[in-house]
Structure formats: structure tokens, C-alpha cells
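Contents: one structure, followed by commentary.
Every heavy atom of this structure was used, including side-chain atoms; hydrogens, water molecules and symmetry mates were not. In this text, all values refer to a predicted model and were calculated from it rather than measured experimentally.
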Amino acid sequence: MLDINYIRQNPEEVAKMLHDRQLQGDEPRLRRLLSIDTERRELVQKTDELKAVRNRRSKEIAELKKSGSDSAGQLIADMQSVGEEIAGLDSRLSALNLEMEEILLALPNRLDPSVPIGRTAEDNLVFGEPVHFPHPLEFEVKNHLELGKALGILDFERGAKVTGAGFPVYVGKGARLERALINFMLDRHTEEHGYTEVFPPFMVNRDSLRGTGQWPKFADQVYHMEEDELYAIPTAEVPVTNLHRDEMLSAAALPISYAAYSACFRREAGSYGKDTRGFLRVHQFNKVEMVKFTRPEESYAALETIRGHAEAILCALEIPYRVLLLCSGDISANAAKCYDIEVWSPAERKYLEASSCSNFEDYQARRANIRFKADGKSKPEFVHTLNGSGLATSRLMVSIIEHYQTPEGGIRVPEALVPYTGFKDISPLG
RNA sequence: GGAGGAUUAGCCUAAUUGGUAAGGCAGCAGUCUUGAAAACUGCCGGGUUCACGCCCAUGGGGGUUCGAGUCCCUCAUCCUCCGCCA
């Protein structure tokens, strides 16, 4: 959520941001917001004056009653009408506040100046050089679906029977490989990158969804348990960032860094037809997420750090990847700046998104009311929040299966994972 | 699921039959000091104002009232006991 004071003082900047994000259609709502704000402020002034009168008179009534005088009757009658007037203005005010909040919650974040201006994913900037690792695949490569099925480590059909399409089952060494990946990444982040491990709830309430920005705008992408008014988390970002909702953090504690494994649930409503085969788009997948809370002036350095931590995982696994700096038209509404890390799929012959590292600045902190005090004399400030996937196992699994396949149709286990799997390869014979 | 109790600022705690939230700790700045501690003074939730000030804020939402921390309704969370389950 943006600061209404910032919007009031820089309306043309906000309009340009909407334009850069290809959201020109939101501009009428921005104008509506500004007019609500003006009316609201006038109304506040008026009711404040009336309330000041009421407070003063009420004190007089108290004094009169205390002194045993009966002369308070006229005053009380007068205040009755003042009270009615206040109630009328207040109800108008709360309607305006409600509408203002609705618009504010739906308005996207500002963009960092370093974000390239562009219309679609085509305009994303390749950041730095793609990173290669030599994998001798001098034979006809199979895709992860064929290999996974032939090796008996992935079972999409039974997953579809038990739950539905997009809920894969990992079997045998496949399950072990998945668990190894999760443990490997958590260990790296906690032991080498300085994160505190968190194992969060996989369901959250609405306040948490609103805090990180999945509600109200993206509510249709989230599984909803109506009877209990709970939502299945689309990412650990939601429960972990909301750990500190409505808290005043001690300045000395910043930055706070959490790494969390969670299953992630996404309805992916309306997204069938594109990259939907196998693991490329599923309703449930596993992910290790990094979340940071920083002082405002430190957030952009922290973004680079998080990206480095995600890249370190890929380097350790020797999986080829590249980094994209998302353009204004493709970046998510909540983020001020975002890198995507994409891994190379030799079977699909294209890059697949495996990680997204974002700086939300104070956009989430303002929604979730996460503040800190720099020192004793300064006012509470909103922290900056960041997160990055570190990383999504489903996409990594595709990479590992495809890059580490052997001409015989088996899979070697990446060196770094062997201590976690307890085996070095998955052979066609099982 | 049932009964009872609780929720006040970063933390801890007060407030008479309903009369408009008092203190303490921590933190910051200043005075004093060679320096520090102690002591003293000021600041220390949000909005508005050049400022004085004014308004809002006692877990969330609503109600009664001239006036609500206090009374009523409702929801959330925590604690205790009972029941149920693993």
C-alpha cells in the first residue's frame, strides 16, 4: 500500500507508474482517490471542531452535576443535537474511509528507477551473463515427464486420481530426491547464508493475505477454505512476512532473515494452455523461501544479497541459469523491483522461472503494520520487506532430471545432493 | 464443544456509583561531570496545524449515553477448568 501523503503530493508520479505498469485503466480510480482524500480531510476538520465542542460541554455538565446543580438539562439537550450531527458526519466519513482503503489496497507499488520500462515479458532485461555448466548431453535428451515416468519417481496420474490435475506424487527415490533438495537448500541458507529457519503454518487468515498483498487483488489465485475462513498459502512469503504483523521491531534486531520450507498452493485459475505439462505448472509444489526485514536504506543491498543466495544454490547444483530484471509491464503489483532467475531446460529448449527475488520496500510493511524505531527520538518507521525463492523444487527437479540424465535413461544425483539422498544415481532398473 | 477469567502505548502496570487514561521501565536528547554512573529537565501511538492547540486511540466491530477503559451485543486471541480426540 502506498502512503496517501505520497500520493497526494506526487499524483503525476503515481499516474506515470500506472502507465509504466500498463495499468492505464486504473487512472480514474487514482483521480477518485484524490477527490475522496480532499473531501475526507474537510470532513475530518468539521467533525473535529464539533467533537471539541462536545468534549468541552460534557466537562461542564460533569462539573454542574458534581456541584449538585440541576441546570445541566438545557446543555444536555443541546449536546443531543450536536451528537446527532457528529454521527451523521462520522458515518459519511467512515464510508469515505472504506472506499479510500479499498482503492489504496488495490493500487500497485511504486517502481524503483532501475526497473526497465517495458510492456511485456519480452521486454525484461537479461541481467549479467547467463551462467553455464558443462553437461555432456550428446544424445537425444528426454524431458522430465518421460524420464520421471520411466524411472517410476513421478506419478502424475495417481496424483490426479487422489486429488486432481496438477497435484504430482513423488515416489521412491523421487520422493527422497525432493526431500534432499529441500534439506540441502535449508542447510545452505541457515548454515552459510545466515537465515533463521522457520516452519510456518500452511494456512493463513485474511489479514495475513492482505498484509503481503495477495488480497484483495489476487484472491482468485488462492485456495479458500470457506467454512473456517482460511486460505492455503501460495508461498511461505505470506506466513513468514506476517510473523511480524502489527509489531514494533527493535532496530538492533534488523535485518531479520528467515528461510522457510513450505508446500505452496496455487489455483492457477485461467492459466491452462501455456507451459502446463508436467511440472511446468502445478497446483501444489514445494519451495524454500527467503524473507528479509531491513531498514529502508539497506533494502536494495539486501535484494542483491538474496539474489546471490538463490544463485549460490544453482551454482552448487551446477544448473545453468540466467537472471532477468523484470520490466515495468511484467513486474508484480506488490514489488518495486524484482529479479527472476530462470533455469535452462534442455528438453523444452528454453528457460523456466525457478526463483523470484523482490524488494517490496514499505508496501507490505504499511499493509501489515510492521515498524521499527531507528532510535529513541525518532518516530516509528515502516521496515522494508524482501523475499526470494531459494528455490522452487519443482522447477529444480525438472532441471536436475533433464541435465543429469544419462544416455541409458537414468539420472545421476548432483554431487552436492549425494549426502542428502544417500544414493548417487537413479537407474532405469530402479 | 461447555464454564469462568483476561487483553490499556516498545514492555510493565493504575483509573471511585460512567465524568474524558495516571504512573513506572526501556530508549533518545540536554544539564551536571575529565569521562561514565546517579540525579534533574525535555521527548518518547496516530491525524491535523507555521505554531499554540484541537481531534482520535484502552484487542477488532457495533450499541446505550450529554459523556464509555468502565454498561450491553458480537468477533478474535490468550489463560484456567470440564468434555472430546490423537
Query raised in the report: Using atom P of each nucleotide, how far apart are B:G24 and B:G5 to the nearest Å?
Result: 32 Å

Query raised in the report: If you find the nucleotide of RNA chain B closest to A:R41 and the one closest to A:A52, which residue's nucleotide is nearer the 5' end?
Result: A:R41

Query raised in the report: Between A:K173 and A:F423, is NZ or CZ placed under 6.0 angstrom from the six-membered ring centre and within 45° of the ring axis?
Result: yes

Requested in this report: Can you tell me the pairing partner of B:C11 across any strand shown, Watson-Crick or G-U wobble, with both distances under 3.5 angstrom?
Outcome: B:G24

Query raised in the report: How are the rings of A:F293 and A:H244 set to each other: parallel, tilted or perpendicular (split at 30° and 60°)?
Result: perpendicular

Query raised in the report: Taking OP1 and OP2 of B:G67, is either one under 4.0 Å from a side-chain nitrogen or oxygen of A:R57?
Result: no

Query raised in the report: Atom NZ of A:K373 and atom C1' of B:C28: how far apart are they, to the nearest Å?
Result: 9 Å

Report summary line: Re B:U16: Watson-Crick or G-U wobble partner, both distances kept under 3.5 Å, found to be none

**Report entry** Spacing between A:K51 atom NZ and B:A68 atom P, to the nearest angstrom
**Finding:** 11 Å

Query raised in the report: Relative to the 5' end of RNA chain B, which residue comes earlier, A:M79 or A:P380, by the nucleotide with the nearest heavy atom?
Result: A:P380

Query raised in the report: With rounding to whole Å, what would you report as the distance between B:U16 and B:A68 at their C1' atoms?
Result: 15 Å

Report summary line: Here the distance between atom P of B:C11 and atom CG of A:L249, to the nearest Å, is 12 Å

**Report entry** Carboxylate-amine/guanidinium contact A:E157 A:K149, below 4.0 Å
**Finding:** yes

Query raised in the report: Quantified in whole Å, what is the C1' atom distance between nucleotide B:A3 and nucleotide B:C84?
Result: 16 Å

Query raised in the report: Are any of the side-chain nitrogens in A:D362 or A:R366 under 4.0 Å away from the carboxylate oxygens of its partner?
Result: yes

Report summary line: Whole-Å distance, A:R371 CZ to B:G45 P, equals 10 Å

**Report entry** G-U wobble or Watson-Crick pairing nucleotide for B:C78 (cut-off 3.5 Å, both distances)
**Finding:** B:G5

**Report entry** side-chain N/O A:N55 vs B:C56 OP1/OP2, d < 4.0 Å
**Finding:** yes

Report summary line: Under a 3.5 Å limit on both distances, the Watson-Crick or wobble mate of B:C40 is B:G30

Requested in this report: Using a heavy-atom cut-off of under 4.0 Å over every strand shown, decide if A:N369 touches base, sugar-phosphate, or nothing.
Outcome: nothing

Query - Minimum-distance nucleotide (side-chain atoms of A:N5 versus B:G19, B:G10, B:U48) - result: B:U48

Query raised in the report: Are the aromatic rings of A:Y231 and A:Y223 close, with centres under 6.0 Å apart?
Result: no

Query raised in the report: When the distance from CD of A:Q45 to P of B:C54 is rounded to whole Å, what number comes out?
Result: 16 Å

Query - Whole-angstrom distance between B:C73 and B:C11, as gauged at atom C1' - result: 32 Å

Query raised in the report: Is the shortest side-chain N to carboxylate O distance from A:E311 to A:R307 below 4.0 Å?
Result: yes

**Report entry** Gap in Å between the two C1' atoms, one belonging to B:U70 and one to B:A21, rounded
**Finding:** 12 Å

Query raised in the report: Between B:A37 and B:G27, how far is it from one P atom to the other, in whole Å?
Result: 10 Å

**Report entry** Gap in Å between the two P atoms, one belonging to B:C75 and one to B:C56, rounded
**Finding:** 29 Å

Report task. To the nearest Å, give me how far apart CG (A:D207) and C1' (B:G60) are. Result -> 9 Å

Query raised in the report: To the nearest angstrom, how far is A:I86 atom CD1 from B:C54 atom P?
Result: 16 Å

Query raised in the report: Think A:Q80 has a side-chain N or O under 4.0 angstrom from the OP1 or OP2 of B:C66?
Result: yes

Query raised in the report: With a cut-off of under 6.0 Å to the ring centre and 45° to the axis, is A:K292 in cation-pi contact with A:Y195?
Result: yes

**Report entry** Pairwise C1' distance, B:C78 and B:C72 [rounded to whole Å]
**Finding:** 23 Å

Query raised in the report: Under a 3.5 Å cut-off for both distances, is B:A57 Watson-Crick or wobble paired, and to whom?
Result: none

Requested in this report: Take the protein atom CD of A:E49 and the nucleotide atom C1' of B:C55, then report the distance between them rounded to whole Å.
Outcome: 10 Å

